[in-house]
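As C-alpha cells, the structure follows; a few thoughts come after it.
Letters A, B, ... mirror the listed sequences (proteins, then strands); counts begin at 1. No experiment lies behind these values; they were computed from the predicted model shown.
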Number of protein chains: 2
Amino acid sequence: MTSSPCYCTVLKAASRRLAALYDEALEPVGVNIAQFSLLRRIRRAEPVTLTELGRIAELDRSTIGRNTRVLERMGLVALGRGADHREAVVTLTAAGHKALDEGEPLWDGVQDAIEARLGNTGVMELCTALQDL
Amino acid sequence: MTSSPCYCTVLKAASRRLAALYDEALEPVGVNIAQFSLLRRIRRAEPVTLTELGRIAELDRSTIGRNTRVLERMGLVALGRGADHREAVVTLTAAGHKALDEGEPLWDGVQDAIEARLGNTGVMELCTALQDL
DNA sequence: GGCCGGTGCGGGCATATACCCGGACCATGA
DNA sequence: TCATGGTCCGGGTATATGCCCGCACCGGCC
C-alpha cells in the first residue's frame, strides 16, 4: 500500500481554501462564510434558541453563543429571552435580512464556480463522501 | 434546480467531525491531529524554517509560528536560529520523535476506519475532489 | 561603507472552536 | 412547599487561523 494522505489534514486544508473563496466573495457584505451560514440557519429556524442552533449547526453550544454575539454586535441578529427564562432566543434584524439578501447572489456565484470546477458527478461524489464522514 | 448545500459549510462540518475522531484516537499521546500533522511535516522537512513550513502546510506564517511555539512549550520541537539570522529553524526533539512513533499506529487506526467506511472508490473520489478545490 | 528594497519573525487584533464549570431556571415528585 | 435533578446560558481557558504592522536582518547597488 502506498501511504495514504491524512484525510483530516487534507479536508481541513481544502476547507480553509474554500472558506477563503467564500470570504472574499462575501467581503462587500461585511460577513465571512461562517457568519453567513449561521445567518441562513437562523433565518430558517427563527425564532430559535442557542442550544437548538448549536444542534443544527453541529457546533458546541458555547461556540454558537459566542458566534451569535458577534452577529449581535454587528446588529444582524437580536438576542432575547424566551418564555422559558433559561433560553436565549435569536432572531434576525432588518440589517440581518439585508445582509442575507445582498450575500445570496455572491454566495451563488461561488457555489456555481465550485460546481463548474468539480462537475456534477464530482459534486455529487463529494457530498456523498462528506455525508458519510 | 434544487437548492444545493453550502459546500464550505458541509466541508467544515465534516472537517470538525473528522478532527474529533483523530483527536480522540491521539488523546493518549497528548497531541491533537493538527499538532500531529505538523509534527509529521516537520519530520519530513527538518531542519526547516517557519516560512517554509507555512508554505508546505498551506498555513499563514503567523499561524505556523504560533502552532510551532505550542509544540515547543510541549517539548516536542526545538526552535533555533539559522545561518541567516532572520530564519527560525525547527527541529524535532527526542520527545517529538517519540510522540510521532506512539501516535502513528493510532493515526493508522483512524485512517483504516475511514477507508472502511468510505470504501476504496469513495476515498479516491473524495481525495480527487478535495485536490481540485 | 552606507542606503534600500526584500525577506523572515513576532506581536496585536479578531474570529472560530471545544471543554469545563458555575449560576440561573424549570418541572417533578415527596 | 420545597428539594432534587435536569436544562440552559455565560465565562474561563486553550488552540487554530488569518490579516496587518513594525522590527531585524540580508544582499545588492552606488
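Here the C1' atom of nucleotide C:dA18 and the CG atom of B:L18 are 16 Å apart, to the nearest Å. At whole-Å resolution of the value, CG in A:L53 and C1' in C:dT17 are 15 Å apart. Rounded to whole angstrom, the span from the CZ atom of A:R69 across to the C1' atom of C:dA14 amounts to 14 Å. In this structure, B:L21 places its CG atom 14 Å from P of C:dA18, rounding to the nearest Å. Distance A:E72 CD to D:dC9 P: 14 Å, rounded to the nearest Å. Straight-line distance from the CD1 atom of A:I64 to the C1' atom of D:dC8: 14 Å, rounded to whole Å. Distance B:H85 NE2 to C:dG10 P: 14 Å, rounded to the nearest Å. The distance between atom CG of A:L79 and atom P of D:dC9, rounded to the nearest whole Å, is 10 Å.
Of the candidate nucleotides C:dT17, D:dT17, D:dC8, D:dC8 has the atom lying nearest to any side-chain atom of A:E87.
Between the side chains of B:R55 and B:T51, not a single donor N or O lies within less than 3.5 Å of an accepting N or O.
When heavy atoms are screened at a 4.0 angstrom cut-off, B:D84 is found touching the sugar-phosphate backbone but no base atom. Nucleic acid contact class of B:R73 (heavy atoms, under 4.0 Å, all strands): sugar-phosphate only.
In this structure a side-chain-to-backbone donor-acceptor pair under 3.5 Å is present from B:R17 to A:L130. Looking only at distances, no side-chain donor or acceptor of B:R43 sits under 3.5 Å from a matching main-chain atom of B:L92.
Contact between the side-chain N/O atoms of A:R55 and the OP1/OP2 oxygens of D:dT7 is not found at any separation under 4.0 Å. Phosphate proximity of C:dA16 to A:N32: present, with a side-chain N or O under 4.0 Å from OP1 or OP2. Side-chain nitrogen and oxygen atoms of A:S62 include none within less than 4.0 Å of the OP1 or OP2 phosphate oxygen of C:dT17. Taking side-chain N and O atoms only, A:K12 has no distance below 4.0 Å to OP1 or OP2 of D:dA16. The phosphate of C:dA16 (OP1 or OP2) has no side-chain N or O of A:T63 nearer than 4.0 angstrom. Not one side-chain nitrogen or oxygen of B:R81 sits closer than 4.0 Å to the OP1 or OP2 atom of D:dC26. The side chain of B:N67 contributes no N or O atom lying less than 4.0 Å from OP1 or OP2 of D:dT15.
The base of C:dG23 does not come close enough to the side chain of A:R86 for any donor and acceptor atom to sit less than 3.5 Å apart. A donor and an acceptor atom sit less than 3.5 Å apart, one in the side chain of B:R66 and one in the base of C:dG12. For B:R61 and D:dG18, a side-chain-to-base donor-acceptor distance below 3.5 Å is absent, hydrogens and geometry of angles not being considered.
Classification of B:R16 and A:E58 as a salt-bridged pair fails, no side-chain N sitting under 4.0 Å from a carboxylate O.
Nearest-nucleotide positions on DNA chain D place A:T51 closer to the 5' end than the other of B:A34 and A:T51.
Placement of A:M74 and A:L50 within a single hydrophobic cluster is found when ILVMFWY residues are connected by side-chain heavy-atom separations under 4.5 Å, directly or transitively.
For the pairing with B:W107, the side-chain contact (heavy atoms from CB on, under 4.5 Å) check across B:I33, B:V29, B:D112 returns one residue only, B:I33.
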